[in-house]
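Some notes on the structure that comes next.
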There are 2 protein chains.
Amino acid sequence: MRVPRQVVEARRSRLTELLLERGYLPISELCEELGVSEATARRDLSALESEERITRTYGGALGEFNATFTSFRERLRHGTEAKAGIARAAAALVKPGMQVYLDAGTTAFAIAQELRRHLPERLTIITNNLALLETLGSLPGAKTIVLGGQLLERQSVLLGNEAVKAAAAQEIDLAFLSAQGMTDTGLWNSQRDIIRLQQAVMKRATRSCFCLDRSKLGRTAPEHLGAWTRVGTLISDLSFPELRQAGITLKPGTLLNSQP
Amino acid sequence: MRVPRQVVEARRSRLTELLLERGYLPISELCEELGVSEATARRDLSALESEERITRTYGGALGEFNATFTSFRERLRHGTEAKAGIARAAAALVKPGMQVYLDAGTTAFAIAQELRRHLPERLTIITNNLALLETLGSLPGAKTIVLGGQLLERQSVLLGNEAVKAAAAQEIDLAFLSAQGMTDTGLWNSQRDIIRLQQAVMKRATRSCFCLDRSKLGRTAPEHLGAWTRVGTLISDLSFPELRQAGITLKPGTLLNSQP
DNA sequence: CCCTATATGATTGAAGTCAATCATTTGCTG
DNA sequence: CAGCAAATGATTGACTTCAATCATATAGGG
């Protein structure tokens, strides 16, 4: 029997809520919970899936919860092998007892995963990248500090004045930072707030490492982050000659080449 | 053919990693990814499931990622109807343009879900409860601020000096707080760090609402949070006479009764 | 070096899932 | 109020998943 449109919509949003809360539900439980037949539950699922509000699986469905986090993982997965190499080179710099800052971005995610594999003792990790917390929260023996800030819509980063202020109060041995582009005039990033935070971190960090793979070469972004003179270390899959060809000449010892 | 124990273990931990990264994977992809037959993949899955390192589903498996968050959801689900009533009463106090603080705990989670349903305009939400961010991050038109702090192992809360300092710099119209127990001598909570943060928040909040359901009545906890004189509003499913019977006498207007 | 316990892949039957189809009921529009 | 469009539940057959069983190969202990 036909039922008011509004009832259908209500049921479907209840379904998304349920999945959001529970993460995963098999069809059978969905039917019971919603009080509808299997056929209707399936119809709801395929409707919601085409709106990309949920993800169907064989036998049930997943909530599109932490859409930001999962898209993060997606991006990382499509990220080149280069990123994994950079992460390895970066993680190798981390020694026991250090206080390490990890930036926003997927490179930091890769570094965190690498650190999970080979975890130095008494590590303190400082970050504003919420996507890392699932990875870092369960590390035994490591301390994780989150700088505060405003949650960026559709992203999993905290930014703003709170973040800058909190960064200025930290002691950082080693900061891993990333950027969206590099040219002969320096590094570029998309948002002013990100740059402000990065600059605050660099001021407090004994050593600042920028991690950029070759896809960033020659690209710019709306905001200028800083000149090459401010870069302590560059970790990249690019070689010295390749960089010079693009007009970038680094002081010796600045470039750290990652293995592929 | 039999294979070294170490190989099996390596494959299984790779499997957990994969699920951790991708959230969900169907059996077929697992076989391909691990290079084993379906039978072996299933055996791995049931082994890991019995160790509670993953969750099996019909047709695949879920990573036990953000175990903290999911256990959060579990707890919330088992939470009584009372909690939902309290959340409704709490959310009704929130008016457009307010800056609202949400505490750690599942009650705050329930309030956040309620706010998502009926979202006042220009809302600012301040919290240290990371479990809320999935819910609050996608709210259009609302601003979410996270106080910094140290990530508590096996929980999704940020605490410590950073948190207290950040709280002291906030302007809060309405704070929703919870506690683990209430007796005639006041409110109780488990950890000193939580209490320090709550006290800092109360100092900055125009109005502080404590949300406690009847299961908390008569219970204590290791640390004393404060006397009843410091409670601005109590939202509960308990009635005035019930409280008085337990030796708790509130000033008129302090108790806000939630509908069941 | 031998023996056994263990890991693996293939097979199989039972059980579960899915999309399509159809009849029925009922909201909504003209 | 009449007719159409939409929503629902039941049914069906194709397909998938699952656990159990079995044969085989080999790691690891004595």
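Naming convention: chains lettered A, B, ... in sequence-line order (proteins, then strands); numbering from 1 in each chain.
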Could you please name the option among [options] that lies closest to any side-chain atom of [X]?
| X | options | answer |
| --- | --- | --- |
| B/V36 | C/dG9, D/dG9, C/dA7 | C/dG9 |
| B/T40 | D/dA19, C/dT8, D/dT17 | C/dT8 |
| B/S37 | C/dG9, D/dT8, C/dG16 | C/dG9 |

What is the distance, to the nearest angstrom, from the CG atom on A/D44 to the C1' atom on D/dT8?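 It works out to 11 Å between those atoms.
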CG of B/L34 versus P of C/dG9: gap in Å, rounded? 11 Å
Classify the nucleic acid contact of A/T57 as base, sugar-phosphate or nothing, counting any heavy atom under 4.0 Å across all strands shown. sugar-phosphate
Under 4.0 Å, heavy atoms only, any strand: does B/V7 hit a base, just the sugar-phosphate, or nothing?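 Touches nothing.
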Considering only heavy atoms and no angle criterion, is a donor-acceptor pair shorter than 3.5 Å present between the side chain of A/R43 and the base of D/dG9?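 Indeed there is one.
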Any side-chain donor near an acceptor of the partner, B/D213 and B/S215, under 3.5 Å: yes
Hey, is the main chain of A/Q191 close enough, under 3.5 Å, to the side chain of A/N189 for a donor-acceptor pair?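 No; judged by distance alone, with no hydrogens or angles, the pair does not exist.
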One pair to check against salt bridge (charged side-chain N to carboxylate O under 4.0 Å, His left out): A/D173 and A/R207. What are the steps and the verdict? CA-CA 6 Å; A/D173 297 312; A/R207 183 177 181 185; over 6 Å; no
Answer yes or no: is there an ion pair linking B/R116 with A/E17, defined by an N-O contact shorter than 4.0 Å?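 Yes, B/R116 and A/E17 are salt-bridged.
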Protein-nucleic acid N or O pairs under 3.5 Å, nucleotides 24-27 of chain C:
unit_1 : atom_1 : unit_2 : atom_2 : d
C/dT25 : O2     : A/R2   : N      : 2.9
C/dT26 : O4'    : A/R2   : N      : 3.3
C/dG27 : N2     : A/R2   : NH1    : 2.8
C/dG27 : N3     : A/R2   : NH1    : 2.7

